Undergrad: 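I am attaching a structure below and will ask some questions about it afterwards.
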2 protein chains.
Amino acid sequence: MTALSAAERPAAAPDGTGAAEILRRCRESVRPALTAAIGRLHPWPGEMASYSLGWCEVGGAPSVDGGGKGLREALAVLCARAAGARERTGVASAVAVELIHTFTLLHDDIMDGDHTRRRRPAVWKAYGTGPAVLAGDALFALAVETLADAPGPHGPAAVRCLSAALNDLVRGQADDLLFATRPWTGPGAVALDEYRAMAEHKTGALLGCAAALGAVLGGAPREVSDALGRAGRHLGIAFQAVDDLLGIWGDPAVTGKPVHSDLRSGKKTFPVLAALGAAPSGPRGPAAGRLAALLDAGPSEDCAVRRAASLIEEAGGRSATLEEADRHLARAHSCLDTLPSGPAVSELRTLLASVARRVR
Amino acid sequence: MTALSAAERPAAAPDGTGAAEILRRCRESVRPALTAAIGRLHPWPGEMASYSLGWCEVGGAPSVDGGGKGLREALAVLCARAAGARERTGVASAVAVELIHTFTLLHDDIMDGDHTRRRRPAVWKAYGTGPAVLAGDALFALAVETLADAPGPHGPAAVRCLSAALNDLVRGQADDLLFATRPWTGPGAVALDEYRAMAEHKTGALLGCAAALGAVLGGAPREVSDALGRAGRHLGIAFQAVDDLLGIWGDPAVTGKPVHSDLRSGKKTFPVLAALGAAPSGPRGPAAGRLAALLDAGPSEDCAVRRAASLIEEAGGRSATLEEADRHLARAHSCLDTLPSGPAVSELRTLLASVARRVR
């Protein structure tokens with residue numbers, strides 16, 4: 001394990017600045033290799049990738065905004081350290097995962113018809129659908145090449161890890177798109193467990209891969225990479241649950257999306273499905289029944305959407321989602337318990353805590 | 001090398017039926033493994049993949065049509081045999097290449113705005129753009145997984161071979177899309193050598209990969225896989241040149257596209273660029289000049305499009321393209337000369353000859 005110098009160690013930070021500092025440092029450690037990778041792309045998809053990463057505006061001028069938080073990069077770097085892998089192994093893993101994550105953002109925004117991402121036009125709105133498809137493909141190919149070309153004997157296992165995650169991811173995205181075509185209630189309704197499987201595939205798989213990849217690439221023992229992969233997967237599921245909460249109750253200034261955006265678009269998310277699943281004869285049954293009637297009617301007016309959000313809370317959807325997130329975060333912590341303690345594991349725990357803090 | 005039984009050997013067939021029979025046999029040898037691979041997909045992208053392969057109609061009913069010719073599959077199977085690889089190695093390579101080829105058809109039709117493919121609505125027209133993007137991604141991930149999971153020690157080299165081809169492919173597609181935005185004449189015009197580089201990336205890379213992959217996966221000596229890869233690349237460039245000819249002069253009943261389709265869409269292809277490049281003071285200069293004026297005006301009327309096709313021929317574009325195809329087919333034959341002769345190499349030569357025969 002690479003020991004951190006005292007200067008690199010995060011100060012204890014109950015207010016959450018510790019996580020932000022960890023994310024910033026990990027982003028910076030990955031940035032040169034990620035810049036070099038993007039530089040290997042054809043200039044056109046290269047610009048779209050840079051735009052999506054928040055590095056430039058349309059046309060290539062430097063961006064004033066800084067892009068995403070880099071949770072996946074940080075997870076890859078810290079988990080590689082926790083597994084005793086070399087720094088450059090963690091960085092190579094982080095680059096591959098960030099390329100794949102960017103690819104999914106480009107293509108998912110097309111599939112979901114999302115016009116904005118991080119308060120800017122989505123790539124397909126800014127550059128066109130065809131070019132955005134192309135740039136996503138270029139990022140996908142580059143990610144595979146990054147791992148296939150990684151030095152050392154464990155590249156093949158890393159490619160297998162990534163391709164398994166990609167297959168899960170596509171499966172999850174397919175289910176998510178199909179959920180949109182199904183009714184809120186009745187025999188065709190989406191069950192909470194179906195939603196859980198979708199979220200595990202769609203979000204858990206890539207975070208699980210991010211967490212395991214450095215260990216796999218560095219040749220760590222199987223039980224170490226498995227424990228890290230499970231921790232990442234649970235973190236991913238928790239992250240998705242929190243995202244679902246923010247999609248309904250998040251502050252538009254923070255999320256960059258309109259208030260109640262997921263309700264307006266009729267998206268089937270954990271809080272709504274949990275609320276609809278409240279026992280009809282229990283204390284939350286009446287609210288669940290009123291919510292079902294409202295959703296079946298398709299709420300479009302502001303007041304109906306607000307009413308739906310309020311009924312979801314009344315029927316227990318909000319608290320069930322928080323419990324779901326907490327349960328998976330606790331499992332992620334348990335997975336980390338099996339690893340030798342050290343600064344990287346401590347920083348991972350700080351990251352886990354910050355995910356729960358986003359909605360509290 | 002797997003010897004073919006007498007019954008399996010194609011009859012000498014100067015009329016081209018030999019190639020059709022070789023293609024059919026190779027398709028059949030690959031079909032069970034390809035069917036099993038597609039069966040591992042989520043049912044929804046799985047149906048879109050089957051539709052694209054010509055196996056089913058929208059909704060899943062069996063298709064009456066049979067799909068593509070399977071040139072890439074045949075190339076992978078025969079080249080693996082020529083390299084002395086096991087039959088299943090050739091089949092695994094063919095499956096990976098066919099999955100990638102299908103992925104590129106799905107995404108390229110979106111990027112190029114092509115509404116039909118093999119006389120049926122393109123996948124994005126039949127299922128929607130977002131679903132077609134998803135199905136392409138699923139096929140891409142499955143191809144990588146197919147190679148990463150291939151038994152034996154050479155999977156990693158095969159993944160590297162595939163990912164290098166994919167990077168070339170995306171680069172070629174980016175250039176092809178950008179060519180559409182450039183003028184026919186003047187300083188910003190597309191030079192013939194730029195077009196050649198694009199075609200080598202866009203079409204040559206995947207056929208080169210198809211030809212080399214079995215040898216790489218089977219652990220054949222480097223000089224064997226290199227020779228096969230070069231042969232495939234030259235075949236790909238020749239194939240693209242022939243496709244360009246068919247895009248202008250092809251019989252709509254055979255190509256499944258309207259007559260003069262590439263001219264109507266203003267596509268920059270080899271015959272046009274070669275014609276425009278005729279020396280102004282030479283015997284073909286006047287025709288080239290009239291063609292340039294016509295193209296700059298944007299021919300849209302039927303008679304103008306016919307006139308453009310005739311001027312391209314008069315300015316030498318058609319003969320230059322045939323020469324280009326022949327030159328690359330001859331180079332492909334030379335690459336095969338370095339391999340021990342045998343039935344697989346003979347069949348590869350039959351395939352090469354059939355490519356030239358498509359336009360004669």
Side-chain angles (χ1 to χ4, degrees), chain A residues 40-46 48 100 103-104 106-113 124 128-150 153-178 201, chain B residues 40-46 48 100 103-104 106-113 124 128-150 153-178 201:
Chain A
R40 287 201 300 277
L41 290 172
H42 182 288
W44 191 30
M48 288 184 261
I100 289 292
F103 141 71
T104 63
L106 262 67
H107 283 191
D108 286 1
D109 282 347
I110 297 171
M111 295 179 216
D112 300 336
W124 70 280
T129 300
V133 171
L134 177 75
D137 294 345
L139 286 162
F140 192 158
L142 185 61
V144 174
E145 195 175 48
T146 298
L147 286 187
D149 287 349
H154 304 291
V159 171
R160 269 197 296 280
C161 180
L162 185 74
S163 68
L166 282 163
N167 278 296
D168 275 359
L169 206 150
V170 169
R171 189 168 284 274
Q173 175 69 3
D175 278 331
D176 199 20
L177 290 174
L178 288 175
H201 287 140
Chain B
R40 287 201 300 277
L41 290 172
H42 183 288
W44 191 31
M48 288 184 262
I100 290 292
F103 141 71
T104 64
L106 263 68
H107 282 191
D108 286 2
D109 282 347
I110 297 171
M111 293 180 218
D112 299 336
W124 70 279
T129 300
V133 172
L134 178 74
D137 294 346
L139 286 162
F140 192 159
L142 185 61
V144 174
E145 195 174 49
T146 298
L147 285 187
D149 287 349
H154 304 291
V159 171
R160 268 197 297 279
C161 179
L162 185 75
S163 68
L166 282 163
N167 277 296
D168 275 359
L169 206 150
V170 170
R171 187 169 286 274
Q173 176 68 3
D175 277 331
D176 200 20
L177 290 174
L178 287 176
H201 287 138

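Sequence lines set the chain letters: A, B, ... in the order given, protein chains first and strands last, and positions in each chain run from 1. Since this is a predicted model, take the numbers as computed values, not measurements.
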Undergrad: With rounding to the nearest 0.5 angstrom, report the CE to CG distance, A:M111 to B:L134.
TA: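 If I round to the nearest 0.5 Å, the distance is 4.5 Å.
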
Undergrad: To check you understand the geometry: which heavy-atom pair defines the closest contact between A:N167 and B:A138, and what is its length?
TA: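 Result for this residue pair: OD1-O, 4.4 Å.
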
Undergrad: Can you name the side-chain hydrogen bond (donor to acceptor under 3.5 Å, both in side chains) partners of B:D109, sequence neighbours left out?
TA: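 Applying side-chain hydrogen bond (donor to acceptor under 3.5 Å, both in side chains) to B:D109 gives B:R117.
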
Undergrad: Taking all heavy atoms of A:A141 and all of B:S163, pick out the closest pair and write down the distance.
TA: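 Shortest heavy-atom contact: O-CB, 4.3 Å.
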
Undergrad: For the residue pair A:I110 and B:T129, what are the closest heavy atoms and their distance?
TA: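 That closest heavy-atom pairing would be CG2-CG2, 4.4 Å.
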
Undergrad: I need the residue from A:L177, A:L178, A:D149 with the largest number of non-hydrogen atom pairs under 4.5 Å to chain B.
TA: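 Among A:L177, A:L178, A:D149, the one with the most close pairs to chain B is A:L178.
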
Undergrad: The criterion is side-chain hydrogen bond (donor to acceptor under 3.5 Å, both in side chains); which residues satisfy it with A:D175, sequence neighbours excluded?
TA: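 Per chain and number, A:D175 pairs via side-chain hydrogen bond (donor to acceptor under 3.5 Å, both in side chains) with B:H42.
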
Undergrad: With sequence neighbours left out, write down each residue that passes side-chain hydrogen bond (donor to acceptor under 3.5 Å, both in side chains) with A:H107, or none if nothing qualifies.
TA: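 By the side-chain hydrogen bond (donor to acceptor under 3.5 Å, both in side chains) rule, A:H107 matches B:D137.
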
Undergrad: Quick one: which residues of residues 153-160 of chain B reach chain A at under 4.5 angstrom, heavy atoms only?
TA: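 Only B:P156, B:V159, B:R160 of residues 153-160 of chain B have a heavy atom under 4.5 Å from chain A.
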
Undergrad: Taking the side chain as C-beta and beyond, is there a heavy-atom pair between A:V144 and B:L166 under 4.5 Å?
TA: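 Side chain of A:V144 against side chain of B:L166, heavy atoms only: no contact under 4.5 Å found.
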
Undergrad: If you count heavy-atom pairs within less than 4.5 Å of chain B, which of A:G128, A:A165, A:G130, A:A148 leads?
TA: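 That would be A:A148.
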
Undergrad: For A:A164, which atoms come within 4.5 Å of any heavy atom of chain B: side chain, backbone, both, or neither?
TA: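 Both the backbone and the side chain of A:A164 come within 4.5 Å of chain B.
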
